[in-house]
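All values derive from a computational prediction rather than experimental measurement. Each ligand, and each atom within it, is numbered from 1 in the order the structure gives.
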Amino acid sequence: MSDFDLVIRGGTTVTTSDISVCDVGVKDGLIAAIGAGLPRGDTDIDATGLLVLPGGVDTHVHLDQPFSSGADIADDFASGTASATAGGTTTIVCHAPQTRGGSLTEAVAAYAVKARQARIDHGFHLLINDPTPDVLERELPALVAAGHRSVKVFMTYESNRLADAQILQTLAAARRAGALVCVHAEHHELIGWLTQALLAAGLTAPRHLAWAKPMVVEREATHRILALAEALDTPVQVFHVSGAQSGEEVARAQARGQKAWAETCTQYLVLGESDMDRPGFEGAKFMISPALRPPSDREALWQLIRDGVIDIVSSDHSPLRFDDPRGKKQHGEAAPFNKIPNGVPGLAARLPILYSEGVAKGRIDLRTFVSLVATNPARRFGLAPRKGSIAIGADADIVVFDPTRRMRLTNALQHHGSDYTPYEGLEVLGYPTATYQRGQLIFDGANVLAQPGAGQLIARSAYAEIAPTGRFPTPFNPFE
Ligand code: URP
Ligand code: ZN
């Protein structure tokens, strides 16, 4: 019997300390050795000429949850996590949604039952839609202590949005409990006002979503959540920064020493508002919130990444079917923009697109790529050191990636429940050839091999990254 169940041999391996050609030995689901000339494993893989990277960690995913629009989400845990494996992602964090008037504890328990179908490891964001005193003072601390270390709040969507007073209460409760607050930042009333004005003017096409949600909508809300979080010394993660102005708000908060971080998503780096102008109803395929932006914002996002202001790229996988009366066509093809459900799928496309557009085109280096898609999300969300790195003792979650493989993205390659991908036809250079979870081959470059139920719900312990700074605007500490 060999020392190793699996050896991935001779690949260019990105570890926590360096990038080198070496072997990775796996035993009992963990990375047991990294070095040259390891003895043969029970399974021995030649990775010469390939990249050996930590499995992707996608910390902004929606599976099997209701959408604000009332449309049906296209992925449950079985199909959504199949898609993840096909894109080299081995861990996800998705949203356990509390209903208004309902218990958060019961919502998480019900969601955990759905998640039993997951093929890969996963965690939950606690999506708080109704922050009652009982939820914040009794349920939240118990759920955080049980390992659900992140909270999600929305500043828009009628069924989700919290008022500023509720956001303050939630920030305070999360700080006390030790959870990271993630925010969907858009100014709800401004969107409503602009929407009514656009409809009255007869401007109802898909592209007018971007006119109802211009950057000022996002910039104002980003500024506001950062100010509230600063006043309460509560770390926050701004979700889906879509362009320069909201990124600049985050940069300013970081320069002040605030624990404020940001992600962008694949779609904001490669798609744009002009995609919503595609003929017929095609533009609906690109309707998301925040809306897609002009090319200048895409370039600004790459710069924010290079500057380290944005240090996570997630998918915001929000899959809807296109040709479906429960999907994008919920209100028919003549529906005005405000009646077309928002969301795009993107779990499987994230690593190939970011590698191709980022590393292959010289916008970022290989280490930055690994940090953006695996190491930083794992660290930020309390999944490290188990996830996000190739390191001895870490879970053997590994993606073997061929940097020379040219692929044209198609819907079939996504292995998801949606009937389209917004990236149809996009040519990428670099693609996963094998994905491993805890040493098991779960995607062989063409087929998803992981079975529903193989994934584990990862309990996340308290971690230093999200400890408050102890600094307040005045000498008064409201938490003492
Ligand atoms: O457009 C995005 N990002 N998601 C839509 C989610 C919803 O609840 O409508
Ligand atoms: Zn989302």
Side-chain angles (χ1 to χ4, degrees), residues 58-75 80 92-100 107 111 122-129 150-162 180-186 188 191-192 195 206 209-210 212-213 217-218 221-222 225 237-243 246 262-269 271 273 275-276 283-293 312-322 326-328 330-331 335 337-347 349-350 377 381 416 418 420-422:
D58 193 338
T59 47
H60 186 168
V61 174
H62 301 271
L63 300 178
D64 210 341
Q65 68 167 100
F67 275 151
S68 60
S69 52
D72 288 343
I73 193 163
D75 275 320
I92 57 170
V93 185
C94 38
H95 296 64
Q98 179 207 13
T99 48
R100 290 212 170 131
Y111 202 59
H122 50 276
F124 300 157
H125 299 304
L126 304 171
L127 200 182
I128 297 182
N129 288 318
S150 45
V151 162
K152 172 78 177 287
V153 298
F154 282 83
M155 298 172 83
T156 188
Y157 294 137
E158 208 49 63
S159 53
N160 303 103
R161 63 183 291 242
L162 303 188
L180 176 61
V181 178
C182 309
V183 187
H184 179 126
E186 291 187 293
H188 184 75
I191 295 166
T195 298
L209 176 75
K213 296 184 165 214
V217 158
E218 183 184 331
T222 303
I225 189 64
Q237 174 81 12
V238 181
F239 270 0
H240 40 48
V241 166
S242 71
S246 50
E263 64 161 35
T264 189
C265 308
T266 327
Q267 49 272 32
Y268 299 110
L269 293 167
L271 303 175
E273 61 179 5
D275 285 304
M276 286 185 279
K285 290 181 174 175
F286 303 90
M287 293 177 71
I288 52 174
S289 289
L292 294 170
R293 305 293 180 205
I312 291 177
V313 175
S314 67
S315 68
D316 190 7
H317 183 78
S318 303
L320 292 160
R321 289 177 55 78
F322 177 67
R326 298 293 308 151
K328 291 280 184 186
Q330 188 185 16
H331 297 284
F337 69 84
N338 63 322
K339 296 287 183 198
I340 301 172
N342 290 347
V344 292
L347 251 170
R350 184 178 68 122
F381 286 88
H416 58 201
S418 185
Y420 84 100
T421 168

Legend entry - Main-chain N/O of A74 paired to H416 side chain as donor or acceptor, under 3.5 Å: no

Inset, instruction - Check whether the ring centres of H317 and H62 lie less than 6.0 Å apart, and answer yes or no. - result: no

Inset, instruction - Provide the atom name of the closest N, O or S atom of D316 relative to the Zn ion (ligand 2). - result: OD1

Inset, instruction - Applying salt bridge (Lys or Arg N to Asp or Glu O under 4.0 Å), name anything that partners K213, two or more places apart in sequence or on another chain. - result: E186

Legend entry - Note: R293-E218 ion pair, threshold 4.0 Å (strictly below): yes

Inset, instruction - Specify whether H60 and H95 have parallel, tilted or perpendicular ring planes, treating 30° as the upper limit for parallel and 60° as the lower limit for perpendicular. - result: tilted

Inset, instruction - Could you tell me whether the Zn ion (ligand 2) has an N, O or S atom of H62 under 2.8 Å away? - result: yes

Legend entry - Metal proximity, H184 vs the Zn ion (ligand 2), N/O/S cut-off 2.8 Å: no

Inset, instruction - Kindly indicate, with the supporting measurements, whether the criterion side-chain contact (heavy atoms from CB on, under 4.5 Å) is fulfilled by M287 and M276. - result: CA-CA 7 Å; M287 293 177 71; M276 286 185 279; 4.0 Å; yes

Inset, instruction - Using a strict cut-off of under 4.0 Å between a residue heavy atom and any atom of ligand 1, list the qualifying protein residues by chain and number. - result: F67, S68, Y157, I288, S289, D316, S318, N342, G343

Legend entry - C182 side chain reached by F381 side chain, heavy atoms, under 4.5 Å: yes

